[in-house]
*Asks:* 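Here it is, the structure, as structure tokens.
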Amino acid sequence: MTFFLLTRNLLALKTSRYYTSATVFDSPFNLLHFLNLSSTHESLRLTKQAHARVFFLGFTQSPFLASKLLSLYASFGHSTESKIVFDSVKDKNVYLWNTMINGYLKSYSYVEAFDLFCKMGGSNVKPDDFTLATVSKVAGEIRDLVAGKLVHCHSIKTGFVLDIVVSNSLISMYGKCGEFEGMKNVFDEMCERNVGSWNALISGYSNSGDWRMVKNLWEVVKNMQLNGMKLDGFTISSLLPLSGGEGTWGCSYGRELHCYILKNELDSGIGSDVHLGCCLIDMYSKSGKVSMGRSVFDRMGFRNVYAWTAMINGYIENGDFEEALILFQKMQLNDGIEPNKVSLVSVLPGCSSYAGLVAGKQIHGYTIRKELTSDVALCNALIDMYSKCGSLNSARRVFDKGLFRKDAISWSSMICGYGLHGKGEEAISLYNQMLLLGDKPDMITVVGVLSACGRSGLVNEGLHFYNTITNEYGMKPTVEICACVVDMLGRSGQLDQALDFIETMPVEPGPSVWGALVNASVMHGNIELQELAHRFLIHLEPENPSNFVSLSNLHASSKRWDVVAGLRKMMKEKGLKKAPGCSWISINGKTHCFYVADKAHPLSALIYEMLDDLIFIMKGAGYPIDFKESSPITSC
DNA sequence: CTAGGGTTAG
């Protein structure tokens, strides 16, 4: 009795000096409490101390202590230590095997997990329902259908397929492997189902990427409710991503799901609110309703790095770079939350388009301090940021010196960077290097190298690459790739060849193709071709105001004011408004934005004075000045 | 006393 009281009191103690007083922990029972304390405090140090006591006192053969220790090490991602504990126990029970397999699963060592399951088959311990559920998940994670079917067979033979959790895991596994028929069969053959069974099915369909299955999902959800199941947080978060952006569902279902959350108070459960909040923010951002996302964000009771990142990313995706950067700072200053690699990847485009090189360099510095330089996605984002901020050398330094495994995006980012700055030769040499190393180019890489060729006038080289991707790499050219070819031919003045290409190219010409032809014909003053290309453009994109504005400018330059007036009227009737273009500059961390003839800036008088001075100096130096574009500024 | 499924920002 006193002993029991003693341990209970010890559990209540939070001061660390009691943890190290080893004498009171010297029984297996108390050692277990010691391990539990290590677990609740998530302390690797305490775990190691407890391990030392277990070893020192000779309890290494206790399966109870060993499995607890093992799972603790696994939770810290130290699977080597887990394996040492596992191997040291001579008489292993099923718990120990399961904990070890689960430990590998938690540290993403899927192959090791499955190998251990195979070894278990050769031992005297038989897999149980827990084992089968775990390895089923393993098979799903590595998308290994053969392994998954093996587990399924084993579950049928042993009868564990009747266990709901085992069947749920099998449903999930089949879904992840893309075997939807198998998935449905397991689901249909279950004699008893719970919410998890429906959720596994729904998540399988929703991640299929196949809109026919996604379309049927709403029916599945209705069936679920007819069968007396209530949607829970898991269900909603599988469904929400289907309701934003290019999803086949549109936003109305998204709002409906939001209402369901509020009505059923799914947002007030412990821990589930952050998650659902993230999904909602993302859904609204992808539907272009970033302010709705913001109100969800503002109402969240607790915000973690996921929530902040979702909100930052929402602003970036909707082009509000300023607000994204403000939030990025607030996250750190107000909530003391450190950004992770995803937050950094999300915020970097804000540097390239808004905050500029200095902010980008700060993030790069942070990346180095936090030792995140081995992350491909982050390095790719840095390469992109540097080249868009005009610092090609820095981009190249990240590309060359970064300790990350280059993927197609890394090559594309660097190649596009060279293209952006008119360095076609460098882009070509890098593209050749990529091919030489055996890395397969994707659509984006090809677009990068072709547009680089186009901008640098390397037409023959570009056409050569275009031919090789179809002949040697068996790639089907996309509309974007074809637009690059049109742009390339057009820029170099080969307008007839560009038109011929459009007529014979393997895909239907889209707005980007006709847009390229418009640019080229403007550049070379070919009025007929301009009108032709514009007609196709407006036919394909009747709602894009840019097309009307550029067509109207074309007619204005030939003084066809009647046509101009007609076009302006048409735009007004359609309710089309073009967002005015603007320029900006960052000085001392503050970004100043300017529109045409803008006098809103407090120092605008001074700014225009400086502009006049510059124009005066330019004239003096004998530069030809084209006032067609800039006259509105000086005339103000 | 130890072990399992369905969700999460690029």
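Order of the sequence lines fixes the chain letters, A, B, ..., with proteins taken first and strands second; residue numbering starts at 1 for each chain.
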*Asks:* Could you tell me if the side chain of A/His152 sits less than 4.5 Å from the side chain of A/Tyr174, heavy atoms only?
*Replies:* yes

*Asks:* Examine the base of B/dG6 for any acceptor or donor lying under 3.5 Å from a partner atom in the side chain of A/Asp232, and report the outcome as yes or no.
*Replies:*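 In this structure, the two groups form a donor-acceptor pair.
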
*Asks:* Looking at every strand, decide which applies to A/Ser197 at a 4.0 Å heavy-atom threshold: base, sugar-phosphate, or nothing.
*Replies:*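 Touches a base.
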
*Asks:* Can A/Tyr386 and A/His364 be said to form a ring-ring contact (aromatic ring centres under 6.0 Å, His included), step by step?
*Replies:* CA-CA 10 Å; A/Tyr386 273 128; A/His364 189 188; 5.4 Å; yes

*Asks:* Rounded to the nearest 0.5 Å, how far does CG of A/Leu217 lie from CD of A/Glu219?
*Replies:* 10.0 Å

*Asks:* Whether A/Lys176 contacts B/dG6 is assessed here as follows: a side-chain N or O lying under 4.0 Å from the phosphate OP1 or OP2. Is that the case?
*Replies:*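 Checking A/Lys176 against B/dG6: at least one side-chain N or O falls below 4.0 Å of OP1 or OP2.
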
*Asks:* A/Ser169 near the nucleic acid: base, sugar-phosphate alone, or nothing, with a heavy-atom cut-off under 4.0 Å?
*Replies:* sugar-phosphate

*Asks:* So if I take every side-chain heavy atom of A/Lys68 and compare against B/dC1, B/dG6, B/dT2, which nucleotide ends up nearest?
*Replies:* B/dT2

*Asks:* Sequence neighbours excluded, which residues qualify as salt bridge (Lys or Arg N to Asp or Glu O under 4.0 Å) partners of A/Lys341?
*Replies:* A/Asp375

*Asks:* Counting side-chain heavy atoms from CB outward, which of B/dG10, B/dA9, B/dT7 is closest to A/Ser203?
*Replies:*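 Among B/dG10, B/dA9, B/dT7, the one nearest the side chain of A/Ser203 is B/dT7.
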
*Asks:* Is there a donor and acceptor pair closer than 3.5 Å between the side chain of A/Asp163 and the base of B/dG4?
*Replies:* yes

*Asks:* What's the closest nucleotide to the A/Thr309 side chain, out of B/dG6, B/dG10, B/dA9?
*Replies:* B/dA9

*Asks:* What contact category does A/Val94 fall into here, base, sugar-phosphate, or nothing, at under 4.0 angstrom with non-hydrogen atoms?
*Replies:*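 No contact at all - A/Val94 keeps every heavy atom at 4.0 Å or more from the nucleic acid.
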
*Asks:* Please tell me if A/Asn313 has a side-chain N or O lying less than 4.0 Å from either OP1 or OP2 of B/dG10.
*Replies:*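 Indeed, a polar side-chain atom of A/Asn313 lies that close.
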
*Asks:* Would you say B/dG10 has OP1 or OP2 under 4.0 Å from some side-chain N or O of A/Lys286?
*Replies:*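 Yes.
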
*Asks:* Please determine, for the side chain of A/Asn98, which listed nucleotide (B/dT8, B/dG4, B/dA3) has the closest atom?
*Replies:*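 Looking only at side-chain atoms, A/Asn98 lies closest to B/dA3.
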
*Asks:* Tell me every residue that passes side chain to side chain donor-acceptor pair (under 3.5 Å) with A/Asp87, counting only those two or more places apart in sequence or in another chain.
*Replies:* A/Lys83

*Asks:* Whole angstroms only, please: what is the CG-C1' distance between A/Leu70 and B/dT2?
*Replies:* 10 Å

*Asks:* Is it true that A/His51 and A/Tyr73 have ring centroids separated by less than 6.0 Å?
*Replies:*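 Ring centroids of A/His51 and A/Tyr73 are less than 6.0 Å from each other.
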
*Asks:* Measure the acute angle between the ring planes of A/Trp308 and A/Phe297, then classify it against the limits of 30° and 60° as parallel, tilted or perpendicular.
*Replies:*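 Aromatic pair A/Trp308/A/Phe297 classed perpendicular.
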
*Asks:* Ignoring hydrogens and angles, are the base of B/dT2 and the side chain of A/Tyr95 linked by a donor-acceptor pair under 3.5 Å?
*Replies:* yes

*Asks:* What is the distance, rounded to the nearest whole Å, between atom CE of A/Met120 and atom C1' of B/dG4?
*Replies:*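 Between C1' of B/dG4 and CE of A/Met120: 12 Å.
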
*Asks:* Which nucleotide in the list B/dA9, B/dG4, B/dT7 gets nearest to the side chain of A/Ser237?
*Replies:*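 Minimum distance to the A/Ser237 side chain belongs to B/dT7.
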
*Asks:* Against the six-membered ring of A/Phe34, is A/Arg53 placed for a cation-pi contact (under 6.0 Å from the centre, within 45° of the normal)?
*Replies:* no

*Asks:* Rounded to whole angstrom units, what separation is found between the CD atom of A/Glu141 and the C1' atom of B/dG4?
*Replies:* 14 Å

*Asks:* Which residues within residues 76-84 of chain A lie with some heavy atom under 4.0 Å of an atom in DNA chain B?
*Replies:* none

*Asks:* Rounded to whole angstroms, how far apart are CZ on A/Phe297 and C1' on B/dT8?
*Replies:* 15 Å

*Asks:* Roughly how many Å is it from CE in A/Met300 to C1' in B/dT8, rounded to a whole number?
*Replies:* 11 Å

*Asks:* What contact category does A/Asp375 fall into here, base, sugar-phosphate, or nothing, at under 4.0 angstrom with non-hydrogen atoms?
*Replies:*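 The answer is base, as A/Asp375 lies within the cut-off (heavy atoms under 4.0 Å) of a base atom.
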
*Asks:* Look at the side chain of A/Val345 and decide which nucleotide, out of B/dG10, B/dG6, B/dT2, has an atom nearest to it.
*Replies:* B/dG10

*Asks:* Does the side chain of A/Lys106 get closer than 4.0 angstrom to OP1 or OP2 of B/dA3 through an N or O atom?
*Replies:* no

*Asks:* Identify which nucleotide among B/dG10, B/dT7, B/dG4 has an atom closest to any side-chain atom of A/Asn102, counting heavy atoms from C-beta outward.
*Replies:* B/dG4

